[in-house]
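Worth knowing before you read on, the calculation uses all heavy atoms, side chains too, and leaves out hydrogens, waters and symmetry mates.
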Amino acid sequence: MRDPSPDPAEARARLCAALERVGAEDRGAFQEVYRLTSAKLFGICLRICGERSAAEDVLHEVYLTIWKRAGAFEPGRASPISWLATIARNRAIDWVRARGARPTRPIEEAADMADETPDQLVIAQRDETSRRLHDCLDALHGRQRDAIRTAFFDGMTYAELADAKGVPLGTMKSWVRRGLQQLKGCIGDY
């Protein structure tokens, strides 16, 4: 019975030894390499080729290549599964290239791509709106302008503003309300 979770170092050593024997044309070792790696290499081929029958054909070519080149495998340079996966990947890519372009769909069927960057018109409109707002704020009386800027840009409440300026709460509310009405009229005139 096979151990369901072999030690990675042991599995690597076993695969290296099997590849060395395949290099010496040992058919039993070749069967062992196939048994140990076929699922992973088939997955690589299928992911790249996108078709089961094509992946099976490519996998056949992969194992032919392994049979021919196993003697060139150098355990010190790469892990055996990395070496085998590279062969599978390259063969699958060669198959895709030989077919020409991958199947395509009309542009109308493509998924929408969100681009959060505002276009130049939106940026220009924001800049213009900001400039108008600041021009209108500058046109207000000093106490109204300061109260609105402090309330909206610094986040102070009417009560905090009234305390800071030493005026009754009702007076502060009136300054802000009158200033906002003037702003509304000013911005609407643009």
Practice item. Report yes if the side chains of R89 and C45 come closer than 4.5 Å at any heavy-atom pair, otherwise no. Key: no
Practice item. For I66 and Y34, run side-chain contact (heavy atoms from CB on, under 4.5 Å): C-alpha distance rounded to whole Å, both residues' side-chain angles, the deciding distance at 0.1 Å, then the answer. Key: CA-CA 10 Å; I66 292 168; Y34 182 85; over 6 Å; no
Check your understanding: To the nearest 0.5 Å, what is the distance between CG (L180) and CH2 (W175)?
Key -> 14.5 Å
Point to revise | 4.5 Å side-chain heavy-atom contact, F73 and C16 | key: yes
Review point. Closest approach of C49 and V96, non-hydrogen atoms and distance?
Key: CA-CG2, 4.3 Å
Exercise for review: Not counting sequence neighbours, which residues clear side-chain hydrogen bond (donor to acceptor under 3.5 Å, both in side chains) with S174? List them please.
Suggested key: none
Practice item. Scan for side-chain hydrogen bond (donor to acceptor under 3.5 Å, both in side chains) pairs involving residues 141-152, sequence neighbours excluded, and state none if there are none. Key: D138-R149
Point to revise | Trace of the side-chain contact (heavy atoms from CB on, under 4.5 Å) decision for M156 with M172 | key: CA-CA 12 Å; M156 291 181 75; M172 181 54 66; over 6 Å; no
Review point. Side chains of V167 and L161: does their closest heavy-atom pair fall under 4.5 Å?
Key: no
Exercise for review: Enter the distance from L133:CG to D135:CG here, rounded to the nearest 0.5 Å.
Suggested key: 9.0 Å
Point to revise | A70 to W83 - nearest heavy-atom pair and separation | key: CA-CH2, 3.9 Å
Exercise for review: For the residue pair T65 and R91, confirm or rule out a side-chain donor-acceptor distance under 3.5 Å.
Suggested key: yes
Check your understanding: Given the rule that I, L, V, M, F, W and Y join up when any side-chain heavy atoms are under 4.5 Å apart, are V58 and L64 in one cluster?
Key -> no
Review point. Are any side-chain N or O atoms of E160 and backbone N or O atoms of T157, one a donor and one an acceptor, separated by less than 3.5 Å?
Key: yes
**Study point:** Non-hydrogen side-chain atoms of S38 and L41 separated by less than 4.5 Å
**Key:** no
Point to revise | Electrostatic pair R27:E32 at N-O distance under 4.0 angstrom | key: no
Practice item. Please tell me if the side chains of L15 and L84 come closer than 4.5 Å, counting only heavy atoms from C-beta onward. Key: yes
Revision key, fill the gap. Here the gap from Q182 atom CD to I148 atom CD1, rounded to the nearest 0.5 Å, amounts to 8.0 Å
Check your understanding: Would you find a donor on one side and an acceptor on the other, under 3.5 Å apart, between the side chain of S130 and the backbone of R126?
Key -> no
Review point. Should the pair F30 and Y63 be assigned to parallel (<30°), tilted (30 to 60°) or perpendicular (>60°) ring geometry?
Key: perpendicular
Practice item. Could you walk me through whether R47 and F42 pass the side-chain contact (heavy atoms from CB on, under 4.5 Å) test, one step at a time? Key: CA-CA 8 Å; R47 183 173 30 88; F42 178 72; over 6 Å; no
**Study point:** Sequence-distant partners of E56, salt bridge (charged side-chain N to carboxylate O under 4.0 Å, His left out), two or more places apart
**Key:** R52
Check your understanding: Just how far is it from atom CD of E61 to atom CG of D94, taken to the nearest 0.5 Å?
Key -> 8.5 Å
Review point. When you check the gap from the basic side-chain N to the acidic O, do R131 and D127 get nearer than 4.0 Å?
Key: no
Check your understanding: Distance from L19 atom CG to T37 atom OG1, nearest 0.5 Å?
Key -> 8.0 Å
